[in-house]
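Computation of the quantities below employed the complete heavy-atom set of this structure, encompassing side-chain atoms and omitting hydrogens, waters and symmetry-equivalent molecules. Residues: numbered from 1 along the sequence shown.
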Amino acid sequence: MTSTAPETQRGQDAGDPLGEQPTSWQRRLRRFGHVPRPETSLRDRLDPPYTRPGRQVWSVLAIPPHVADRLVRWSAWGGPLLITLVSGLLRFWRLDQPNAVIFDETYYAKDAWALVNQGYEGSWPKDVDKLILKDPSSVPIPTDPGYVVHPPVGKWIIGFGEQLFGFTPFGWRFMVAVLGTISVLLLCRIGRRLFRSTFLGCLAGLLLAVDGLHFVMSRTALLDLIVMFFVLAAFGCLVVDRDRSRRRLADALPVDEEGVLRPDARIAETLRLGWRPWRLGAGVMLGLAFATKWNGLYVLAAFGLMTVLWDVGARRTAGAARPYMAVLRRDLIPAFFSTVPVAIVTYIVSWTGWIVTDKGYYRNWAATEGKGSSWSWLPDWLRSLWHYENQVYDFHVGLTSGHTYESNPWSWLVLGRPVSYFYEEQTGCKESSTGKCAAEVLAIGTPLLWWLACFALAYVVWRWLFRRDWRAGAIACGVAAGWVPWFFYQERTIFLFYAVVFVPFLCLAVTMLLGAIVGPAAGTGARADLGLTSKDPTGERRRTLGAIAAGVLVLLIIWNFIYFWPLYTGTSVPEDLWRDRMWLDTWV
């Protein structure tokens, strides 16, 4: 999506980043052809333009200008769609393998099947997985309610795939693979809007496409990737909302006699930004994340604060003398009602199957054990649901039983302890010196990508604190919202794959770092920034070396993904090759 502000208006606004009136001598010199030093205009600070490839690129490729313009327009969607297509092919290739119920699929695949067929989860007998794999039609759905500890949205989504393709591994993995693929497209478009660069947006999507943890989670019927999808969609909605509200502010500001946009304190403090459907959409997406797993609630709080601070920044840029007070009066209440109540209503609606069937676990608690409560004036289903949620919360905070693959959140970024979803050893393997082959599905991020992300996060935090770059702050907020809450439950049994929720933001951080490595292009642009241009005469050489360095890093990440491909897909390899990929002792 490109900016809608006219190019002529942008040209007129150039040269006054602080909104100061040009002096009389500057006006006289302009009559004789004087051009002031180019700087970022007020309009471009409120509504930055998208960058375009330099003409020299098309000259080298011998592409006529009119064809180049068409390619630039098509690339805004063509590039993301191409990367998404490749990502989808990778994720759907042999999606039914391994033909097994791996890791926690034993819970969610069966609960989803019961949910879509009878409206509530059933209590499945033990050791039923083999019968399901052999002949799912011979396994009846249990009518006795099952005690489940996660809200139903993720299971409804998994169950939709089962309705389409049957109660099989492909069926229960199908919708997760769809969301994993679409999330790559979302990140391409979000990155493009965030950095105002189609190239950097596509780079962020490419990094997500070749991340091992995101890849494995896209091929497994677990809930965490579904949470990630809704969190990313909510973030995208808020970024679009930010652009539109700032553009509305820019359009309302006055223009002086020279056509230059000027800040105005009265407009900046009193303008109502009107109907904001994208913020409402973010509330729905965050509600769906919360209705899949409860950690979505922390993201709701973090993103709610972030979008309010964005409004403060917009009004300050537009000239507000007291931007916090202006936001408190004009934006805070609409922001709250567009997100928090919407998310809560979405969460409650997600329990419709449990409510209307009248057979779910604890569904009739209010009419039995809870009878005679002082809250009896509330509907029975609401009191029963509240009791159920209390019991689930006690379960989650008290889950301290040890697990072979549990890990502390401090170790996640360095991939200290990945999770083995599936492992099968085969004997009589002639290609191996040990005579054995191994097939494993290991939930681990692409190591070089994650280790580079450690440096990228340090750069992002520095850029946010010392350069006041809102994009760095947004990326840091996304990572913190998905990661920091787990530090409050370090006694709880937690796993590395929970980190998939903030993997897209790690990819954005690495993209930002790579953009800085490439550096600004030499030219006449206004700002030495990501995707924009600089007046540095040595910029071309600097940019060439930076592009080579960034390109090598990206190629190494892609190679690393290919190298670990057998561990992501459960492909049988000689045990020697399997051990070669166990780079750390804690990975075994």
*asked:* Students often mix this up, so state it plainly: with edges at 30° and 60°, are the rings of F495 and Y498 parallel, tilted or perpendicular?
replied: perpendicular
_C202 to G79 - nearest heavy-atom pair and separation_ = SG-C, 3.7 Å
*Could you tell me whether the side chain of T307 and the main chain of F303 form a donor-acceptor pair under 3.5 Å?*
no
*Other residues, nucleotides, ligands: >12 heavy atoms within 6.0 Å of W559 CH2*: yes
*asked:* Quick check against the 3.5 Å criterion: does R417 have a side-chain atom that pairs as donor or acceptor with the backbone of E406?
replied: no
*Parallel under 30°, tilted from 30 to 60°, perpendicular over 60°: which one fits the rings of Y388 and W354?*
tilted
*On the 0 to 90° scale, with breaks at 30° and 60°, tag the H396-H150 ring pair as parallel, tilted or perpendicular.*
tilted
*What residues form a side-chain contact (heavy atoms from CB on, under 4.5 Å) with A480, not counting sequence neighbours?*
V484
*Ignoring hydrogens and angles, tell me if any N or O in the side chain of R196 forms a donor-acceptor pair with the backbone of P48 under 3.5 Å.*
yes
*Not counting sequence neighbours, which residues clear side-chain contact (heavy atoms from CB on, under 4.5 Å) with V345? List them please.*
V349
*Do side-chain atoms of R463 reach the backbone of L513 as a donor and acceptor pair under 3.5 angstrom?*
no
*Within the distance-only criterion (no hydrogens, no angle test), does the side chain of W587 pair as donor or acceptor with the backbone N or O of L415 below 3.5 angstrom?*
yes
*Just wondering, more than 12 heavy atoms not from F170 lying within 6.0 Å of its CZ?*
yes
*Spell out, as yes or no, whether a donor-acceptor pair under 3.5 Å connects the side chain of D224 to the backbone of V500.*
no
*Mind checking the CG-CZ spacing from D331 to F336? Nearest 0.5 Å is all I need.*
15.0 Å
*Locate the shortest heavy-atom distance separating F502 from G478; write the atom from each residue and the value.*
CB-O, 3.8 Å
*asked:* Testing the basics here: between Y361 and G146, what is the closest heavy-atom pair and its distance to 0.1 Å?
replied: CB-O, 3.5 Å
*Would you find a donor on one side and an acceptor on the other, under 3.5 Å apart, between the side chain of K293 and the backbone of G154?*
no
*asked:* Would you say W483 and Y298 are linked by a side-chain donor-acceptor pair, where the criterion is simply a distance under 3.5 Å?
replied: no
_Where F230 and M285 come nearest, the two heavy atoms and their spacing_ = CB-O, 3.4 Å
*asked:* Tell me the closest heavy-atom pair linking G191 and L508, and the distance in Å.
replied: CA-CD2, 4.0 Å
_Other residues, nucleotides, ligands: >12 heavy atoms within 6.0 Å of R492 CZ_ = yes
_Aromatic ring proximity, centroids under 6.0 angstrom, W93 and W565_ = yes
*Quick one: closest heavy-atom pair of A114 and G122, and the distance?*
CB-N, 3.7 Å
*Using atom types as modelled and distance alone, determine if a side-chain donor or acceptor of S87 lies under 3.5 Å from a backbone N or O of I83.*
no
*Is the NZ or CZ atom of R192 positioned over Y50's six-membered ring, under 6.0 angstrom from the centre and within 45° of the axis?*
yes
_Gap between atom CG of L496 and atom OG of S411 - 0.5 Å precision_ = 7.0 Å
*Got a sec: does the CH2 of W464 have more than 12 other heavy atoms crowding it under 6.0 Å?*
no
_Does the plane of the ring in F564 sit parallel, tilted or perpendicular to the ring in W583? Use 30° and 60° as the thresholds._
perpendicular
*Option passing salt bridge (Lys or Arg N to Asp or Glu O under 4.0 Å) with K436 (candidates E425, E575, E424)*: E425
*For L164, which residues count as a side-chain contact (heavy atoms from CB on, under 4.5 Å) partner, sequence neighbours excluded?*
F160, F174
Just distance, no hydrogens or angles: give the donor-acceptor pairs under 3.5 Å from side chains in residues 207-215, sequence neighbours left out.
from, atom 1, to, atom 2, distance (Å)
D211, OD1, T446, N, 3.4
D211, OD1, W450, NE1, 2.6
D211, OD2, L213, N, 3.3
D211, OD2, H214, N, 2.9
H214, ND1, R91, NH2, 2.9
H214, NE2, S183, OG, 2.9

*Before accepting this row, confirm whether a basic side-chain N of the pair D311/R276 lies closer than 4.0 Å to the acidic partner's carboxylate O.*
yes
*asked:* Would you say CG of D127 has more than 12 non-hydrogen atoms from neighbouring residues, nucleotides or ligands within 6.0 angstrom?
replied: no
*Hey, is the main chain of V153 close enough, under 3.5 Å, to the side chain of T292 for a donor-acceptor pair?*
no
*Qualifying residues under side-chain hydrogen bond (donor to acceptor under 3.5 Å, both in side chains), relative to S338, sequence neighbours excluded*: none
*asked:* Can you confirm whether Y107 is buried at OH, in the sense that more than 12 heavy atoms of other residues, nucleotides or ligands lie under 6.0 Å from that atom?
replied: no
*Going through the distances and angles, do K110 and V128 end up as a side-chain contact (heavy atoms from CB on, under 4.5 Å)?*
CA-CA 10 Å; K110 292 180 290 189; V128 74; 3.8 Å; yes
_Just to verify, what does T220 make a side-chain contact (heavy atoms from CB on, under 4.5 Å) with, not counting sequence neighbours?_
I102, E105, V216, L222, Y421
*Are D96 and R173 within salt-bridge range, i.e. N to O under 4.0 Å?*
no
